[in-house]
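Whatever order the structure lists ligands and atoms in, that order sets their numbers, starting from 1.
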Amino acid sequence: MSIRLHEAWSGRFGAILAVAGSAVGLGNFIRFPAQAAQYGGGGFMIAYFISFLIIGIPLCWSEWTLGRMGSRYGYHSSAGVLHAILRSPWAKYVGALGFIVVTLIYSYYVVIEAWCLGYAVNAIAGTFHTGSFDSEAFFGSFAGLGQNGASVGFGLGDIGLFLILAFALNFFFIYRGVTRGIEWVCRYALPALVILGLIILVRVLTLGTPDPAKPDQNVLNGLGFLWNPGDIGTDLLNPQLWLAAASQVFFSLSIGMGVIITYASYLKPKDDVVLSGLTAAAANEVCEVGIGGLMTVPAAYVFLGAAGVVGSTVGMGFVVLPQVFTFMAGGQLFAILYFGLLFLAAITSSLSMLQPGIALLEEGLGLRRQASVTVLGVLTACGAGFVWYFSQGLTALATIDFWVANVLIFIQATLIVIIFGWVIGVDRGLAEARRGARMQIPAIWGPIIRYVCPLYLGAIFFLFIINKVIGWNFQFGDKLEIERSSYVTNLIGPNANPVAIASVALILALSAATFVIVRISARRWDKHLTATKP
Ligand code: PFF
């Protein structure tokens with residue numbers, strides 16, 4: 001009995017491209033600079049690199065290895081892969097997270113992707129360069145911040161048409177499959193976005209002092225604003241900074257999502273995973289720190305000064321920068337390039353959020369491509385439609401992002417390293433990784449994967465719960481301040497917000513449905529696994 005037609009990357013390079021495409025996204029070019037600016041570059045970067053080494057690299061190698069192990073049995077969804085490898089009744093439910101998380105992230109990520117597309121088209125149309133352009137008012141009405149249902153129009157100043165376009169493009173490429181769809185897009189989009197990034201970077205670094213009346217607002221100070229170490233000792237005592245750094249590593253590298261498990265499952269059994277994993281992660285870091293970290297904040301700083309550098313991701317990308325482009329010489333062209341770059345970065349990431357779902361529906365329920373694409377299309381259209389319609393204050397988007405891109409990812413990541421380091425066993429896992437590897441994993445990573453990474457994840461998650469959920473805002477060595485997180489007060493108590501409650505209900509409903517799907521799928525997989533020996 002065959003589970004499904006096997007697909008594969010055109011080669012090892014195809015897999016690296018696809019994983020790098022997934023990793024390099026909006027996280028690199030807007031989330032990272034916004035976070036680094038918010039927490040004052042120096043201390044944040046230290047926590048970021050520690051998280052990269054302790055969480056990032058171990059999870060990359062674990063997911064690449066698990067995925068390739070799954071391919072030996074012919075499975076591609078996290079649930080199928082973990083079920084086949086571990087053969088225990090609970091493994092498929094861990095794998096189910098690999099579907100729940102990415103499908104929910106897709107629901108809002110595609111909305112932001114549509115903002116990028118809409119902004120690129122508006123830049124071409126010259127909207128940002130009309131006399132009285134007010135970036136805050138434009139974004140407010142484009143995204144419908146003022147009122148639910150306010151952004152459902154289809155004009156140039158509404159997200160509607162762009163959302164449908166972005167959505168359709170994603171599903172067009174997903175329908176074409178891993179090589180002719182995902183790999184094809186990444187092959188062109190990744191080099192293109194690096195070139196765009198470098199052109200913009202050169203422009204930003206040569207901005208000098210655009211306003212001679214404000215000599216302090218020059219590029220060097222702009223870079224210094226982000227990168228000067230500041231008071232690292234005090235900064236590092238702030239638990240929020242550690243949480244932000246760890247979350248950024250997860251989000252940016254696309255780890256703890258199950259995406260890499262799915263992507264690596266299209267490798268051939270002897271394809272290298274060690275060097276490939278490292279290469280894809282390094283490519284992400286170059287784009288994140290080397291391009292994203294050097295262009296956004298300095299550009300905002302030289303035109304708007306320190307007060308203009310807004311910490312929120314959304315504010316930075318869609319309010320601050322459009323305003324910056326109105327001041328910059330050649331700003332219209334650079335706005336087109338910048339939002340074009342963001343759109344390309346976003347689509348290679350959003351495709352990676354869909355493939356795990358396609359894999360699960362096909363190998364779990366036996367659906368053919370057309371049916372799997374239709375079912376996933378309807379599911380994600382409901383999610384994205386929800387985020388699109390309930391646009392007031394971006395409550396739906398922020399609620400789903402908070403609970404999924406923080407809580408569920410931490411849980412999934414912790415379970416994945418525990419599976420790799422303890423259930424499979426770190427020795428067997430590393431031996432598996434070594435097969436076909438063009439580079440050895442240094443011995444030190446054994447104990448890091450087995451002990452340090454899970455403990456570090458546990459500590460971060462503990463901080464997260466007390467800090468962000470219970471709301472004990474504290475700085476080590478400082479006084480304790482208790483302020484319930486708005487993500488909690490939005491759900492319970494007198495200030496509960498119906499949209500936030502509905503967003504959490506959506507997460508729970510999808511989770512319940514997915515648990516049923518993997519339960520049904522496991523029966524099919526068990527028959528297949530007893531009929532075939534790898
Ligand atoms: N890594 C992507 C970014 O930096 O924008 C975001 C992402 C991709 C999140 C894939 C989740 C995912 F499954």
Side-chain angles (χ1 to χ4, degrees), residues 17-36 48 51-52 55-56 59-60 63 67 77-78 95 97-116 166 170 174 182 185-186 189-190 193 197 244-264 280-293 296 313-314 316-317 341-360 376 380 383 397 400-410 412-413 416:
L17 264 180
V19 174
S22 169
V24 176
L26 299 171
N28 300 56
F29 301 106
I30 40 182
R31 195 179 191 276
F32 172 77
Q35 294 281 305
Y48 175 85
S51 295
F52 177 73
I55 309 175
L59 269 153
C60 281
E63 291 195 32
S77 65
S78 277
L97 285 171
F99 174 73
I100 299 165
V101 166
V102 287
T103 306
L104 287 164
I105 293 183
Y106 178 84
S107 299
Y108 66 85
Y109 200 90
V110 72
V111 171
I112 307 178
E113 189 172 314
W115 295 347
C116 301
N170 272 287
I174 275 300
I182 299 172
V185 175
C186 292
L190 263 187
L193 73 86
S247 296
Q248 179 60 25
V249 165
F250 278 120
F251 192 82
S252 183
L253 286 170
S254 304
I255 51 176
M257 321 263 183
V259 163
I260 299 183
I261 295 186
T262 291
Y263 271 12
N284 183 64
E285 292 317 298
V286 169
C287 289
E288 177 141 303
V289 183
I291 301 181
T296 316
T313 304
V314 165
M316 177 76 93
L341 151 78
L342 288 188
F343 178 69
L344 291 179
I347 193 164
T348 56
S349 298
S350 56
L351 287 173
S352 76
M353 300 168 197
L354 294 173
Q355 188 58 30
I358 296 291
L360 177 64
L376 190 65
T380 50
L397 189 158
I400 299 177
D401 177 57
F402 178 81
W403 293 107
V404 176
N406 287 301
V407 182
L408 288 188
I409 289 181
F410 268 114
Q412 184 172 198
I416 290 173

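- Summarising the geometry, atom CD1 belonging to Ile416 is positioned 4.0 Å from atom CD belonging to Glu63; distances are rounded to the nearest 0.5 Å.
- Considering every non-hydrogen atom in both Ala280 and Ala20, the closest pair reads CB-N, 4.1 Å.
- Between Phe251 and Tyr109, the ring planes lie tilted relative to each other; the angle falls in the 30° to 60° range.
- The backbone and the side chain of Ser22 each have at least one atom closer than 4.0 Å to an atom of ligand 1 (non-hydrogen atoms only).
- Between Leu253 and ligand 1, not a single N/O pair is under 3.5 Å apart.
- Between Leu26, Thr262, Val259, it is Val259 that holds the heavy atom closest to atom 13 (F) of ligand 1.
- Taking any N or O of Phe251, backbone or side chain, at least one lies under 3.5 Å from an N or O belonging to ligand 1.
- Under the 3.5 Å distance criterion, with hydrogens and angles disregarded, a donor-acceptor pair is assigned to the side chains of Asn170 and Glu113.
- At a 4.0 Å heavy-atom cut-off, ligand 1 touches Tyr109 through the side chain alone.
- In terms of modelled atom types and a separation under 3.5 Å, the side chain of Gln248 and the main chain of Gly27 share a donor-acceptor contact.
- Of the polar atoms of Ala23, at least one N or O is found under 3.5 Å from an N or O of ligand 1, judged by distance alone.
- Closest to atom 8 (C) of ligand 1 among all protein heavy atoms lies Ser254 OG, 3.2 Å.
- Side-chain atoms of Leu97 and Ser78, non-hydrogen and from C-beta on, never get closer than 4.5 Å to each other.
- The shortest separation from a heavy atom of Tyr106 to ligand 1 is not under 4.0 Å, leaving the residue out of contact.
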